[in-house]
Amino acid sequence: MVTFKSAEKAQTGAADPILTRLVDEDKVPWYRKPNLRMLYLLLFPACMGIELTSGFDSQLINALQLVPSWISYFNNPQGPIKGIIAASYSLGAILSLPFIGLVNDRYGRRWSIFGGSVIMVIGALIQGLSVNVGQYIVARLILGFGIPTCIVSASSLIGELSYPKERPVLTSLFNVSYFVGQLLAAGITFGTNNIMSNYGWRIPSWLQMVPSLFQIVFIFLIPESPRWLITKERHDEAYEILAKYHAEGDRESEFVKAEFAQLQTTIGLELENAKKSMMDLVRTSGNRRRLLISTMLGLFTQWSGNTLISYYLGDILEAIGQTSSVFKQKINVAIAAWSLVNGTIASLLVKRFRRRIMYLACTCSLLVVYISWTISMKYAIDGKNSGTLNTAAGGAVLFFIFAYSPCYNLGYNALTYRLSTAYMVEIWPYAERSRGIAYFQLWGRLAGFFTTFVNPIGLQNAGWRYLISYVVFLSYEITFVYFFFPETFGRTLEELAFLFEDKALADQAVHAVEKAVGLNGDTRSGEKHESVELQEKYEVQFLGRGQFLIPGFVDTHNHAPQWQQRGLGQSMHILDWLDNVTFPNEARFRDPEYARRIYASCVDGFLQQGITTASYYGSMHAEATKILADLCLEKGQRAFVGKCNMNRNAPDYYRDATVESSLSDTQDCIAHMRRIDPEGRLIKHVLTPRFAITCEDALLAGLGEIAKANPDLPIQTHFNEAEQEMSFTKTLFPTFDNEADLYHHFGLLTKRSILAHCCYVSEYELERLKHLDCGVAHCPISNMTVGGGFMAAPVREFLRRDIKVGLGTDSGGGFSSSILDAMRQALVASNAREVMSQGKDKGLSIDEVFYLATLGGARVCCLDDKIGNFASGREFDALLIDSDSLKPGVMTILEEHDTTKTIFDKFIMTGDDRNIKQVFVQGRQVKSS
Ligand SMILES: Nc1nc2[nH]cnc2c(=O)[nH]1
């Protein structure tokens with residue numbers, strides 16, 4: 001049984017959570033896994049502390065405004081100057097945004113963090129050495145310039161390195177470090193407050209470099225992101241990292257295999273569907289939706305009134321009559337400590353609640369807090385202005401300032417995008433992730449810059465009324481979150497990659513994981529099944545390196561009664577070969593026992609080669625042909641089986657006695673096959689006039705009549721195979737200039753006609769074949785060994801004109817019954833044609849000959865709605881390839897650095913049936929080794 005994908009799930013574009021289930025089954029906690037434990041330990045100094053710098057920064061500015069030495073050294077800055085000092089950090093960040101994606105993609109996560117940290121160290125050094133406001137502002141610009149690259153790279157790296165179970169908590173803890181930074185800055189400045197010299201502000205300004213120094217020292221002790229490595233084709237390194245940290249070194253781990261397969265395919269698909277430019281962010285409707293959400297989320301994180309508290313607490317307290325510097329600093333430290341506590345708790349809640357619920361709870365509670373704060377602020381300010389402090393209102397203001405932080409942290413995580421970054425990581429697929437997060441950062445920074453700059457001006461001029469602007473904006477946030485935020489909870493990053501895209505892409509990603517499923521039975525890939533149900537019913541197999549599934553091969557031209565004469569009479573001209581080798585051999589099929597024995601070996605042999613569909617010529621004997629059909633059905637091969645019609649130009653012992661007997665034998669075979677397979681699910685009779693040379697006009701006409709009466713039946717014959725054959729045909733049918741007109745005249749050229757060889761096709765015939773939609777069976781092996789002279793069909797021309805073309809082994813007509821050999825010979829023949837055509841007809845590629853052997857053949861047989869590839873709704877005709885070099889065989893050995901494509905090419909060009917481990921037809925396993 002084969003089912004690749006739950007169609008219901010695919011509607012949403014969110015893929016089936018197979019990995020999520022595997023993760024759920026793993027009950028060992030992270031602290032019992034030494035490698036993972038070490039990774040998490042190193043993550044902290046290497047990149048978990050990046051947000052310390054931002055948290056430190058916001059409190060530094062808040063606190064320094066209360067430090068007397070800072071106020072006097074910088075001439076007590078107010079209004080716009082105060083605004084620009086605070087906002088310059090955001091401005092620096094904005095300036096760095098265009099470079100983030102580029103640096104990240106080119107140099108990887110670790111070098112980006114290293115570079116950003118070096119810049120921040122330089123910024124902090126200059127900040128502490130400042131001699132005037134201008135230098136202080138420039139230093140903060142440099143600091144701000146360094147941080148976004150680090151944040152983007154680190155949030156991605158943490159998300160990409162961590163085991164899926166711990167990912168949400170880790171990405172969230174990453175942002176909690178912001179509060180630690182706040183607390184440290186508030187505490188340190190509180191302490192240095194008493195230093196009367198300029199070191200009172202210089203020391204905390206320098207200390208801002210400490211987290212960056214840690215990053216510089218530790219970043220190269222953690223591994224690079226496996227996702228980034230895969231995009232750089234460094235598959236082995238990526239696999240090693242996944243195995244080491246996600247399976248404690250077990251390279252055979254099913255989870256790692258599945259995770260790797262999913263990563264590879266998802267990234268491949270994403271990259272295919274995304275060119276690397278900022279323009280891609282607006283190219284598809286899915287990405288436009290992502291952009292809109294990222295823009296809004298960026299604005300929300302910094303426009304929800306938070307910068308008022310984090311940068312201007314002193315001004316607010318001053319406004320309600322709290323003027324004591326010590327009191328203000330105590331409140332500052334208390335808020336920082338309180339934020340750390342509730343921010344950490346909120347991080348741990350991420351695992352339990354759905355994203356939309358968290359965001360809605362956050363925005364709604366913020367609105368309530370802000371409305372209440374605005375009202376209390378009014379009364380507190382009124383009281384102060386009237387000369388009698390309204391302590392109740394003042395207390396309420398303090399209460400709501402404290403109430404603000406848990407509400408904010410629930411969704412936005414106080415200035416640091418805790419859940420937001422996690423949410424952004426989830427919303428953007430890999431190929432766009434860096435740019436997407438950078439874009440989100442841009443809007444956050446713009447909003448941060450704007451609000452930090454405007455807040456002191458607004459407070460100065462509008463007083464408590466300034467808060468109303470935030471009430472309005474928060475109301476808008478609620479509306480937007482409600483209508484536009486998608487749910488991403490409980491899915492792996494790869495499963496979310498196509499959240500807004502059409503379901504075909506999501507399907508492909510899931511197929512890649514489920515391709516590992518070795519399944520028996522009988523169903524279609526499009527059927528709806530819950531994966532859970534599937535897992536309960538079937539054993540899931542994960543493929544190792546060098547193993548892959550490909551569609552079954554289609555052999556469009558095959559003489560079953562020549563199975564036992566393969567390789568004989570090579571180099572003879574076609575008519576001589578027929579008379580001397582073939583007819584005597586085929587005549588032996590008059591004996592049903594002989595027929596059964598040879599045909600059984602023939603069908604097994606072709607299944608062995610991975611030929612899941614064959615269009616067979618039988619002998620002229622009805623009985624033997626029926627036996628062949630029975631065997632195909634029994635052994636499970638999809639087949640067209642034709643009684644060969646031939647009533648002249650063949651020895652007496654091997655030709656139909658009369659036209660009538662030939663036609664009635666044909667009818668008998670048609671009836672038999674309809675009896676054994678009424679719906680024609682596997683077996684169909686194919687009308688088989690051997691070629692015009694062996695058929696009188698009346699026989700061709702009679703077969704044409706049958707074709708007309710049975711439009712579902714395919715037709716096959718030999719067509720323009722060799723000069724000897726073509727010139728003899730002309731003498732027999734002098735009224736026809738060419739074989740196209742001849743067969744068409746007898747009603748034998750339709751879209752179901754399979755014309756073998758077509759080595760010589762005039763412009764006129766090419767047009768006819770295209771017009772009549774006939775298919776060509778290209779048989780390069782026999783064309784170049786039997787027939788006379790060097791012949792090779794103009795396959796490039798067929799492809800150019802979109803004439804259906806597939807491959808045929810031709811069985812006895814060559815030296816090999818392997819369709820892999822036919823592919824290689826097609827490649828060689830096409831190279832020869834390239835020379836013959838002086839470069840006009842380019843030789844075929846490996847991909848093209850593979851197409852001929854699969855989908856091309858399926859089109860020739862008019863079966864491309866059922867087989868030929870793994871598109872949704874197709875039946876499961878497939879081969880499990882095992883290219884493991886340890887098995888005995890002739891295939892080129894695999895090497896560590898081989899890409900999937902290299903392995904595939906090695907198999908196509910040098911593999912053989914030993915590498916075809918399992919063969920499936922309609923989901924039924926028909927060969928196993
Ligand atoms: N290659 C090939 N060409 C033919 N033309 C007529 N019969 C045959 C046959 O059996 N093999």
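In listed order, ligands and their atoms are each counted from 1.
- Under 4.0 angstrom from ligand 1, the non-hydrogen atoms of I574 all belong to its side chain.
- At a threshold of 4.0 Å, the pair E875-K866 does not count as salt-bridged, since none of the basic side-chain nitrogens sits closer than that to a carboxylate oxygen.
- Contact between Y617 and ligand 1 is absent, with no heavy atom of the residue lying under 4.0 Å from the ligand.
- Ion pairing of K840 with E797 is present here, as a side-chain N (NZ or NE/NH1/NH2) and a carboxylate O approach within less than 4.0 Å.
- Checked against a 3.5 angstrom limit, the closest N/O atoms of Q562 and ligand 1 fall inside it.
- The existence of a salt bridge linking E848 and R796 is confirmed by a sub-4.0 Å separation between a basic side-chain nitrogen and an acidic carboxylate oxygen.
- Taking a cut-off of under 4.0 Å to the non-hydrogen atoms of F691, the atoms of ligand 1 that pass are 5 (N), 6 (C).
- Counting heavy atoms only, H718 comes closest to atom 4 (C) of ligand 1 of the residues H757, H718, E725.
- Contact annotation: for F583 versus ligand 1, there are no heavy atoms closer than 4.0 Å.
- Taking the charged nitrogens against the carboxylate oxygens, D668 and K626 do have a contact shorter than 4.0 Å, which makes a salt bridge.
- The shortest N or O to N or O distance between R690 and ligand 1 is below 3.5 Å.
- The N/O atoms of D810, backbone and side chain alike, include one that comes under 3.5 Å of an N/O atom in ligand 1.
- The shortest N/O to N/O separation between S782 and ligand 1 does not fall below 3.5 Å.
- Note on D877 versus R924: no salt bridge recorded, every NZ/NE/NH1/NH2 to OD/OE distance being 4.0 Å or above.
- When each of R690, R655, E660, E696 is tested with N647 by the rule side-chain hydrogen bond (donor to acceptor under 3.5 Å, both in side chains), just one qualifies, namely E696.
- Counting heavy atoms closer than 4.0 Å to ligand 1, residue V786 contributes nothing at all.
- Classification of R859 and D865 as a salt-bridged pair fails, no side-chain N sitting under 4.0 Å from a carboxylate O.
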